[in-house]
Trainee: 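Quick one: the structure is below, and I'll ask about it shortly.
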Amino acid sequence: MSPQAGSIIPRCFFLSILLSLSCLVFLSLQSTIFLKKPISGATVHNSSTLKIRPGYTSYDNYIRHQLRKTTNPKLRQIWTTRDWDRKIRVFTQFFSDLKHKSLLSNSSKALCVGARVGQEVEALKRVGVWDSVGLDLVPYAPLVIQGDFHRQPFADETFDFEFSNVFDHALYPEKFVGEIQRTLKLGGVCVLHVALSRRSDKYSANDLYSIEPLIKLFNGSDFLYSRKVDGFGLDTEVVFRKTKAIQRSGF
């Protein structure tokens with residue numbers, strides 16, 4: 001069990017409503033900047049191997065739907081108790097393998113995108129990558145800070161390494177990938193865990209059927225390799241190395 005579980009879990013129930021409200025305020029301000037409009041352009045990127053799920057009338061509607069999962073007290077209790085040690089063990093194995101391949105080192109500055117309560121961040125720290133942080137709609141101090149992966153709150157070329165297993169939650173896959181490429185340093189590595197052989201849950205915003213759309217989206221990076229993994233319902237690891245400077249693009 002997490003060392004923090006005893007003190008934090010009761011507070012998760014009390015704070016869940018407050019978290020929801022604060023996140024909605026924060027992300028509503030974000031949406032007025034770059035996405036306060038009906039969701040019509042998302043379907044432009046549909047293909048036979050990457051399909052955006054329909055049904056969102058606005059970006060705020062999409063965010064509210066995501067927060068129903070992220071702020072769910074029962075799920076947060078599971079993530080910080082029953083799932084805590086198990087997921088850290090699995091993430092530790094993944095990151096140790098990446099270190100052996102020289103794609104990650106103790107000196108790397110690392111970001112986990114869509115980290116929820118930060119098991120992957122804790123795993124990075126346990127394998128020696130101490131300068132690691134997570135990003136999610138709902139913060140979980142000290143491991144995860146608040147932010148939207150469609151518009152990361154970081155400067156260009158901040159990180160040496162970025163990991164994510166929430167690509168399926170991206171309503172705008174090109175923005176999700178674009179922000180990863182923008183905030184990676186030249187030569188930095190991105191590792192995604194995705195599902196190709198099964199459909200994800202009701203909170204997913206897209207369905208991916210091959211790695212080809214990812215290779216096209218990572219237009220400022222070299223595709224290094226993909227391999228099969230067993231990562232909590234995700235079956236494929238895809239790895240890229242940034243080769244070109246990327247700037248934030250507007251909507």
Trainee: Begin from the C-alpha positions of Thr183 and Glu162 and carry the test side-chain hydrogen bond (donor to acceptor under 3.5 Å, both in side chains) through to its verdict.
Mentor: CA-CA 9 Å; Thr183 56; Glu162 297 194 30; 2.6 Å; yes
Trainee: How far apart are the C-alpha atoms of Phe232 and Gln119, what are their side-chain angles, what is the distance that settles it, and do they pass the side chain to side chain contact (heavy atoms under 4.5 Å, CB included) test?
Mentor: CA-CA 13 Å; Phe232 314 111; Gln119 294 106 326; over 6 Å; no
Trainee: For a quick check under 3.5 Å, do Thr49 and Glu212 share a side-chain donor-acceptor pair by atom type?
Mentor: no
Trainee: Asn219 and side-chain hydrogen bond (donor to acceptor under 3.5 Å, both in side chains): which partner among Gln181, Glu174, Lys244?
Mentor: Gln181
Trainee: Could you tell me which non-hydrogen atom of Ser210 sits nearest to which non-hydrogen atom of Leu196, and how far apart they are?
Mentor: N-CD2, 3.7 Å
Trainee: Begin with the C-alpha distance, continue with both residues' side-chain angles, and end with the deciding distance and a verdict on side chain to side chain contact (heavy atoms under 4.5 Å, CB included) for Gln152 and Leu111.
Mentor: CA-CA 11 Å; Gln152 290 187 22; Leu111 173 67; 3.4 Å; yes
Trainee: Counting N and O atoms only, with roles assigned by atom type, does the side chain of Arg241 sit under 3.5 Å from a partner on the main chain of Gly187, one being a donor and the other an acceptor?
Mentor: yes
Trainee: Taking all non-hydrogen atoms of both residues into account, name the closest pair between Asn206 and Ala170 and its distance.
Mentor: ND2-O, 2.9 Å
Trainee: Flag yes if more than 12 heavy atoms outside Lys99 fall under 6.0 Å of its NZ atom; otherwise flag no.
Mentor: yes
Trainee: Ring centres under 6.0 Å, that's the criterion: do Tyr59 and His150 meet it?
Mentor: yes
Trainee: Between atom CG of Leu224 and atom CG of Asp222, what is the distance when rounded to the nearest 0.5 Å?
Mentor: 6.5 Å
Trainee: Is Glu179 salt-bridged to Arg151, cutoff N-O under 4.0 Å?
Mentor: no
Trainee: I'd like to check Arg116 versus Val138 (side-chain heavy atoms, cut-off strictly below 4.5 Å). Are they in contact?
Mentor: no
Trainee: Is there a side-chain contact between Lys228 and Glu237, using heavy atoms and a 4.5 Å cut-off?
Mentor: no
Trainee: Does the separation of the ring centres of Phe176 and Phe167 fall below 6.0 angstrom?
Mentor: yes
Trainee: In the structure I gave you, are the side-chain heavy atoms of Glu120 and Phe95 within less than 4.5 Å of one another anywhere?
Mentor: yes
Trainee: Counting only heavy atoms not in Asp230, do more than 12 sit closer than 6.0 Å to its CG atom?
Mentor: no
Trainee: Could you list all the ring pair (Phe, Tyr, Trp, His ring centres under 6.0 Å) pairs where at least one residue sits in residues 181-208, not counting sequence neighbours?
Mentor: His65-Tyr203, Phe94-His193, Phe163-His193
Trainee: To the closest 0.5 Å, what do you measure between CG (Asp83) and CZ (Arg86)?
Mentor: 4.5 Å
Trainee: Nearest 0.5 angstrom please: Leu214 CG to Lys216 NZ, how far?
Mentor: 11.5 Å
Trainee: Testing the basics here: between Lys125 and Leu143, what is the closest heavy-atom pair and its distance to 0.1 Å?
Mentor: CE-CD2, 3.9 Å
Trainee: So, do Asp148 and Leu135 sit near enough that their side-chain heavy atoms are less than 4.5 Å apart?
Mentor: no
Trainee: Considering all heavy atoms of both residues, which atom of Ser105 and which atom of Val129 are nearest to each other, and what is their separation?
Mentor: O-CG2, 3.5 Å
Trainee: Flag the pair Lys51 and Asp207 as a salt bridge only when some basic side-chain nitrogen lies within less than 4.0 angstrom of an acidic carboxylate oxygen.
Mentor: no
Trainee: Check salt bridge (charged side-chain N to carboxylate O under 4.0 Å, His left out) between Arg89 and all other residues, then give those that pass, not counting sequence neighbours.
Mentor: none
Trainee: Is there a side-chain contact between Val133 and Cys112 (heavy atoms, below 4.5 Å)?
Mentor: no
Trainee: So Arg76 and Val117, do their side chains get closer than 4.5 Å, heavy atoms only?
Mentor: yes
Trainee: Give the C-alpha distance, both sets of side-chain angles, the deciding distance and a yes or no for side chain to side chain contact (heavy atoms under 4.5 Å, CB included) between Ile52 and Leu171.
Mentor: CA-CA 7 Å; Ile52 306 300; Leu171 182 61; 4.0 Å; yes
Trainee: Is a side-chain N or O of Asp136 found less than 3.5 angstrom from the main chain of Ala115, in a donor-acceptor match?
Mentor: yes
Trainee: Would you confirm whether Ser164, through its side chain, and Val166, through its main-chain N or O, come within 3.5 Å as a donor-acceptor pair?
Mentor: yes
Trainee: So does Val238 get a backbone contact from the side chain of Ser226, meaning a donor-acceptor N/O pair under 3.5 Å?
Mentor: no
Trainee: Could you tell me the separation between the CZ atom of Phe240 and the CD1 atom of Ile211, rounded to the nearest 0.5 Å?
Mentor: 7.0 Å
Trainee: Quick one: does Phe161's side chain get under 4.5 Å of Val191's, heavy atoms only?
Mentor: yes
Trainee: Kindly give the heavy-atom pair with the smallest separation between Gly178 and Ile246, and that separation in Å.
Mentor: O-CG2, 4.0 Å
Trainee: Heavy atoms, side chains only, cut-off 4.5 Å: are Asp201 and His169 in contact?
Mentor: yes
Trainee: Does the ring-ring contact (aromatic ring centres under 6.0 Å, His included) test come out yes or no for Phe218 and Phe223, once each step is laid out?
Mentor: CA-CA 8 Å; Phe218 275 89; Phe223 167 63; 9.7 Å; no
Trainee: Whether the side chain of Lys242 engages the backbone of Leu184 through a donor-acceptor N/O pair (distance < 3.5 Å, no angle test) should be reported.
Mentor: yes
Trainee: To the nearest 0.5 Å, how far apart are CG in Asn165 and CG in Leu192?
Mentor: 9.5 Å
Trainee: What I want to check is whether the side chains of Ser108 and Asp160 have a donor and an acceptor closer together than 3.5 Å.
Mentor: no
Trainee: Checking Leu104 against Leu124 for the side chain to side chain contact (heavy atoms under 4.5 Å, CB included) test, could you report, in this order, the C-alpha distance in whole Å, the side-chain angles of both residues, the deciding distance, and whether it holds?
Mentor: CA-CA 10 Å; Leu104 177 67; Leu124 280 167; 3.7 Å; yes
Trainee: Run the salt-bridge test on Arg227 and Asp97 with the 4.0 Å N-O cut-off and return the result as yes or no.
Mentor: yes
Trainee: Strictly below 4.0 Å, N to O, side chains only: are Asp156 and Arg182 in salt-bridge contact?
Mentor: yes
